[in-house]
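Inspection log for the structure reproduced underneath, given as structure tokens.
Quick caveat: nothing in here was measured; it's all calculated off a predicted structure. We count ligands from 1, going down the list as the structure has it; atoms in each ligand are counted the same way.
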Amino acid sequence: MRNDAPPARPIVTISDLVIEFRTRRQRVRALDGASLSVAEGEKVGLVGESGSGKSTLALSLARLLPTNAEHVSGDLTVAGKSIFAMDTASLRAVRRRTLSYVFQDPIGTLDPTMRVGRQISSVLNGVSQRSAVASSLLEVGLTDHKRIARSYPHELSGGMAQRVSIAVALAAKPQVVIADEPTASLDASIRAQILDLLVSLCAGHGTALVLLSHDLRAIAHYCERVAVMYGGRVVEDGPTANVFSEPFHPYSRALMKAAPGQERLGGRIEPIPGVPPILGGREERCTFAPRCRFALESCHSERPGEQRTAGRRVICHRVEGGLPPLPR
Ligand code: ATP
Ligand code: MG
């Protein structure tokens with residue numbers, strides 16, 4: 001069958017982005033040349049151990065980084081416009097209309113002083129009719145919409161508050177939603193419902209979704225593409241099914257072997273030895289080399305470049321050298 005669909009255009013393009021945090025004691029390079037692109041309507045999972053730079057990458061998208069963050073180099077465009085070159089008015093427009101966020105703690109994210117209905121209508125660009133608020137709340141499964149619209153965030157359960165955050169995030173019909181651990185603070189029994197809701201609403205609106213999570217099973221289930229971060233770089237990125245069944249990067253392989261659920265698939269959980277790096281500047285080696293079972297000499301002394309192979313982007317000297325696939 002011929003596929004006549006035009007290729008999806010990128011809505012987000014991140015190229016070699018370097019972000020550092022200044023603290024009184026040190027400089028932390030949270031992103032050390034991160035690259036990623038997200039196509040319109042695409043669902044991309046972002047995974048990696050704590051400190052790998054996922055949230056820094058996510059916050060960079062709307063320049064929402066804390067004040068001690070510095071954009072050192074690299075470019076980031078959203079809907080074709082460079083975020084770091086933008087004036088305040090254009091940035092505000094991007095934040096209102098083009099992309100939005102769903103964070104881990106919904107009650108902390110919503111404005112505690114404003115009723116839910118007003119928070120939704122304030123995103124609707126002046127459209128303050130009750131019917132628009134009602135349909136937003138109904139869309140996220142809150143059938144008791146009149147009561148919810150009159151409530152303050154602290155009067156809601158965690159699950160209801162996260163449904164409201166999703167309604168707020170989608171109200172302006174953005175082109176991208178970034179969800180940073182959107183279910184981590186919720187009761188395990190409702191996590192799947194909330195993720196199902198978020199993913200299906202994004203799909204229904206044609207909105208791209210960038211989902212940051214430590215839950216690899218959820219990423220495998222919901223996302224068509226996965227990007228694996230380590231040491232402030234996206235070290236592997238490709239179709240989820242391929243990356244999960246045959247990871248090219250030793251770190252991707254190690255991350256999957258360390259994930260709960262392995263034991264049910266006939267494997268066993270293998271923790272990754274050592275600890276993730278905290279970078280003080282540009283690294284002229286592979287930052288995973290000290291923990292890597294497959295490291296070559298060059299991994300300790302040369303910064304690996306990007307390889308494109310079989311629909312994947314990988315940053316690894318082994319792949320660069322055309323070495324055989326990693327053992328399972
Ligand atoms: P997690 O899975 O724990 O959420 P993450 O992948 O989101 O981790 P980031 O929060 O992006 O990681 O952190 C990347 C690096 O930047 C870490 O070394 C972190 O300590 C550092 N960092 C993050 N925010 C700040 C800050 N405001 N000031 C100083 N360093 C920071
Ligand atoms: Mg984070």
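- Considering both main-chain and side-chain atoms, T56 comes within under 3.5 Å of ligand 1 through a nitrogen or oxygen pair.
- Closest to atom 29 (C) of ligand 1 among all protein heavy atoms lies F21 CB, 3.4 Å.
- Put simply, the side chain of N68 gets close to the backbone of R22: a donor and an acceptor are under 3.5 Å apart.
- Close approach to T23 involves these atoms of ligand 1, each under 4.0 Å from a residue heavy atom: 29 (C).
- Put simply, part of S52 is less than 4.0 Å from ligand 1, judged by heavy atoms.
- With respect to atom 3 (O) of ligand 1, the closest heavy atom belonging to the protein is S50 OG, 2.4 Å.
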**OP:** Show your working on side-chain contact (heavy atoms from CB on, under 4.5 Å) between Q162 and T183 and close with a plain yes or no.
**Re:** CA-CA 8 Å; Q162 197 57 305; T183 58; 5.9 Å; no
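- Remark: ligand 1 atoms within the under-4.0 Å shell around heavy atoms of A30 are 14 (C), 15 (C), 16 (O).
- Counting atoms of ligand 1 from 1 in the listed order, those under 4.0 Å from a heavy atom of P66 are 27 (N).
- Between the side chains of S185 and Q104, no donor N or O sits under 3.5 Å from an acceptor N or O.
- Summary of contacts: the protein heavy atom closest to atom 6 (O) of ligand 1 is K54 NZ, 2.8 Å.
- Shortest contact from atom 28 (N) of ligand 1 to any protein heavy atom: N68 ND2, 3.1 Å.
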Original post:
Is there a side-chain contact (heavy atoms from CB on, under 4.5 Å) between L156 and V116 once you walk through the steps?
Top reply: CA-CA 10 Å; L156 306 175; V116 162; 3.9 Å; yes
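- Between E181 and ligand 1, not a single N/O pair is under 3.5 Å apart.
- Close N/O approach between G51 and ligand 1 is found [any backbone or side-chain N/O within under 3.5 Å].
- A distance-only check finds a donor-acceptor pair linking the side chain of S151 to the backbone of R147 [under 3.5 Å].
- The residue L212 has no part lying near ligand 1, judged by heavy-atom distances below 4.0 Å.
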Original post:
How far apart are the C-alpha atoms of V123 and R96, what are their side-chain angles, what is the distance that settles it, and do they pass the side-chain contact (heavy atoms from CB on, under 4.5 Å) test?
Top reply: CA-CA 7 Å; V123 187; R96 281 189 78 87; 5.8 Å; no
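- Annotation: the span from F84 atom CZ to I19 atom CD1 amounts to 4.0 Å, rounded to 0.5 Å.
- For atom 19 (C) of ligand 1, the nearest protein heavy atom lies 4.0 Å away or farther.
- Nearest protein heavy-atom contact of atom 4 (O) of ligand 1 is S55 OG, 3.9 Å.
- Between Y251 and H249, the two ring planes are perpendicular [angle over 60°; tilted spans 30° to 60°].
- Residue S50 does not count as close to the Mg ion (ligand 2), with no N, O or S atom under 2.8 Å.
- Atom 22 (N) of ligand 1 lies below 4.0 Å from at least one non-hydrogen atom of the protein.
- A donor-acceptor pair shorter than 3.5 Å can be found between the side chains of H205 and E139.
- Put simply, the side chain of E40 never gets that close to the backbone of Q175: no donor and acceptor are under 3.5 Å apart.
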